Protein chains: 2
Amino acid sequence: MSITNNYELYKVFYWAAKTGSLSQAAKALYITQPSVSHAIKQLEDSFGITLFYRTSRGVSLTQEGSLLYSYVEQSQIFIALAEEKMAALKNLDSGELRIGGSDSLFKHFLLPYLEEYHRKYPGIRLHLNHGTTPEVITFLKEGRIDLGVVRLPIVDPQLEVRESIQLQDCFVAGERYAELRDKTLSLPELMEYPVILFSRNSRARMTITELFQSYGHKLKPEIEVGSVDLLIEFARRGLGISYVTREFVSQELDNGSLFEIKLDVDIPPSHLGTMTMRNMPLTSAATRFLEMV
Amino acid sequence: MSITNNYELYKVFYWAAKTGSLSQAAKALYITQPSVSHAIKQLEDSFGITLFYRTSRGVSLTQEGSLLYSYVEQSQIFIALAEEKMAALKNLDSGELRIGGSDSLFKHFLLPYLEEYHRKYPGIRLHLNHGTTPEVITFLKEGRIDLGVVRLPIVDPQLEVRESIQLQDCFVAGERYAELRDKTLSLPELMEYPVILFSRNSRARMTITELFQSYGHKLKPEIEVGSVDLLIEFARRGLGISYVTREFVSQELDNGSLFEIKLDVDIPPSHLGTMTMRNMPLTSAATRFLEMV
DNA sequence: TGTTTGTTATAGACATGGTCTATATCTCCT
DNA sequence: AGGAGATATAGACCATGTCTATAACAAACA
């Protein structure tokens, strides 16, 4: 343990030494001169060493006082830096924000938010970790990210989930299958065409597979690809019918390079949400981001 | 000024982070766990930032807490070093002692004390500054030495003088003037012989010059030398009669290589003393040395 | 030389706030 | 289910840090 039981004394000492005057130190510390005088005396008594020469023009350090000052000064400098840093963190002038999610969500959903956030808080360093939903959950639990953006539902008592916008998945095709443009297909009819699915174990793929299963069908994709962009590109080139999120292909639907295939069953909408660790405090940076989304 | 008005909080934070437990921090700081809990909350509130994750197994730093810790740790290390240093100074395990005086006093009077002091407190660095009495006084006033050892009297209200041992100056000669061994000389008779004096404006020389003057004589030395050793050596070789301090030639008087010349007037004894600045605190090292002398 | 203006030191009153005890709450582990 | 051990909360108390008032002193100044 320490000799003095009050580190405040070092602050007073620091200012007294720095200003060379107990009165000035008192001003700087917003206390009265007798308080400073008293504090210095306490410090001196605790060491049994005189730290200042007192004159009628102020105080000056003794040999020993100078030695003490050289250490205390460093200490105070670090404290000052620490407080600066904390203030910067609070003001979102610095810090970092680590987000987990899939690449497609980053690109099609989060990008505008990320841009706005970065514009508003250029001091915050953004870290994006892509992964599947279970991977993102693992990242969260390991403390490697501050928040995750995934498709719902997520059922995990350790996680706090905030529902965000709703997405509608659908099947789309390009010019090659123009004959289907105004038709309404049943699931078996659809299955006669080559279906393109996301290759990885994504929540979207699980959803559609389960939908088919609930009607007694087994959906086998003709083609599996590794990114949403490829799903879109393959459909446009007529390689098959892709299962995509409608909101992510709005541009292609508008300009006609893709069209949605109507089905005689409803594909349930999926919800997007953010998740964070329950009972774990968030950084200011993360809190602010969640407010935006 | 600082954000927090109590640097104590950093100490608590430091220990909480270091031990990873509020309870353990409380033990280390000899306070109770609720106090620590309260202190941490204060710190967090002052920043508006959560610093710890609380679990039922203790606490761990948040991202921001870690950042704060990296600064606070440095600060605390410097404080610990400072307290160590102060303790060492107090124990006389380190520090320095700066003494001013004439070379002859160092050699003939102070040497045994210095040796003992150095043996007892090997951590204290000794600085010896030689000079005449007025120079030593200047050194003192400029703060370049802690204490001076000089011949008295010294009259200076700024100085605090402690009388030490008494010295007796006298004239001595060697074999060459053996005829004077049992005689008692008057001042005019002495003046017929070549007199060797210290060249510099020393107090000893002033004293003897004034003594002659008070009897209406003007003492003109045949030879002037720059050190007490030369005064002795010249007298032994028969170059003249040296005015020296009896205590400094006791060895030569004992072995007969020099003898004292008796005079029909008394040379007033001179006192040796230590002087320090009045109203200026002394270092522990200096205080201890003064106690020894 | 007395006066003013600055400094630090001292004394004593007061009230802030840090610390305590007691208790609650929660998690993990047996 | 219960125990052990962690942190959080509430409220009381009193230590101590701060204040006001004043003294003492030195330097600058008129």
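Chain identifiers are assigned alphabetically (A, B, ...) following the order of the sequence lines, protein sequences preceding nucleic acid strands; residue numbering begins at 1 within each chain. Here the structure is a predicted model, which is why all the values come from computation and not from measurement.
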Checklist line | For A/Ser270, all residues meeting side-chain hydrogen bond (donor to acceptor under 3.5 Å, both in side chains), sequence neighbours excluded | finding: A/Arg151
Check: How would you list, by chain and number, every residue that makes a salt bridge (Lys or Arg N to Asp or Glu O under 4.0 Å) with B/Asp156, sequence neighbours excluded?
Finding: B/Lys141
Next item on the list: To the nearest Å, give me how far apart CZ (B/Phe52) and P (D/dA6) are.
Entry: 15 Å
Notebook entry, point to check: Over its full length, what angle do the end axes of the helix from C/dT1-D/dA30 to C/dT30-D/dA1 make, each axis taken from five pairs and the result rounded to 10 degrees?
Noted result: 30°
Item checked: DNA chain D contacts made by residues 60-73 of chain A, counting heavy atoms under 4.0 Å -> none
Next item on the list: Tell me, please, which residues at least two apart from A/Leu128 pass side chain to side chain contact (heavy atoms under 4.5 Å, CB included).
Entry: A/Ile99, A/Phe106, A/Leu114
Notebook entry, point to check: Rounding to a whole Å, what distance do you find between A/Leu22:CG and C/dG6:P?
Noted result: 16 Å
Check: Can you name the side-chain hydrogen bond (donor to acceptor under 3.5 Å, both in side chains) partners of B/Glu163, sequence neighbours left out?
Finding: B/His271
Note to self: Check this one for me: any side-chain N or O of B/Ser37 less than 4.0 Å away from OP1 or OP2 of D/dT9?
What the structure shows: no
Item checked: Summary of salt bridge (charged side-chain N to carboxylate O under 4.0 Å, His left out) pairs that have at least one residue in residues 51-77 of chain A, sequence neighbours excluded -> A/Glu44-A/Arg54
Next item on the list: Write out all pairs satisfying salt bridge (charged side-chain N to carboxylate O under 4.0 Å, His left out) with one or both partners inside residues 283-293 of chain B, taking only residues at least two apart or from two chains.
Entry: B/Arg288-B/Glu291
Notebook entry, point to check: What integer distance in Å separates A/Ile40:CD1 from D/dG17:P?
Noted result: 13 Å
Next item on the list: Could you check how far CG of B/Leu43 sits from P of C/dG18, rounded to whole Å?
Entry: 12 Å
Note to self: Nearest whole Å is fine: how far is D/dA15 P from A/Gln42 CD?
What the structure shows: 15 Å
Next item on the list: Taking the side chain as every heavy atom from C-beta outward, state whether A/Leu272 and A/Leu152 have any pair of such atoms under 4.5 Å apart.
Entry: no
Check: By side chain to side chain contact (heavy atoms under 4.5 Å, CB included), which residues pair with A/Lys18, not counting sequence neighbours?
Finding: A/Tyr14, A/Trp15, A/Tyr69
Note to self: Students often get this wrong, so: under 4.0 angstrom with heavy atoms, is B/Val36 touching a base, only sugar-phosphate, or nothing?
What the structure shows: nothing
Item checked: salt bridge (Lys or Arg N to Asp or Glu O under 4.0 Å) partners for A/Arg144, two or more places apart -> A/Glu142
Next item on the list: Taking only the side-chain nitrogens and oxygens of A/Lys41, find out if one of them lies under 4.0 Å from OP1 or OP2 of C/dT10.
Entry: yes
Check: What string of B, S and - do you get for nucleotides 18-30 of chain D, 5' to 3', when a contact is any protein heavy atom under 4.0 Å?
Finding: BBBB----SS---
Check: CD1/A/Ile124 to OH/A/Tyr117 distance, rounded to the nearest 0.5 angstrom?
Finding: 4.5 Å
Item checked: ring pair (Phe, Tyr, Trp, His ring centres under 6.0 Å) against B/Phe109, all qualifying residues, sequence neighbours excluded -> B/Tyr113
Notebook entry, point to check: Can you tell me how far P of C/dT8 sits from CG of A/Leu51, to the nearest Å?
Noted result: 15 Å
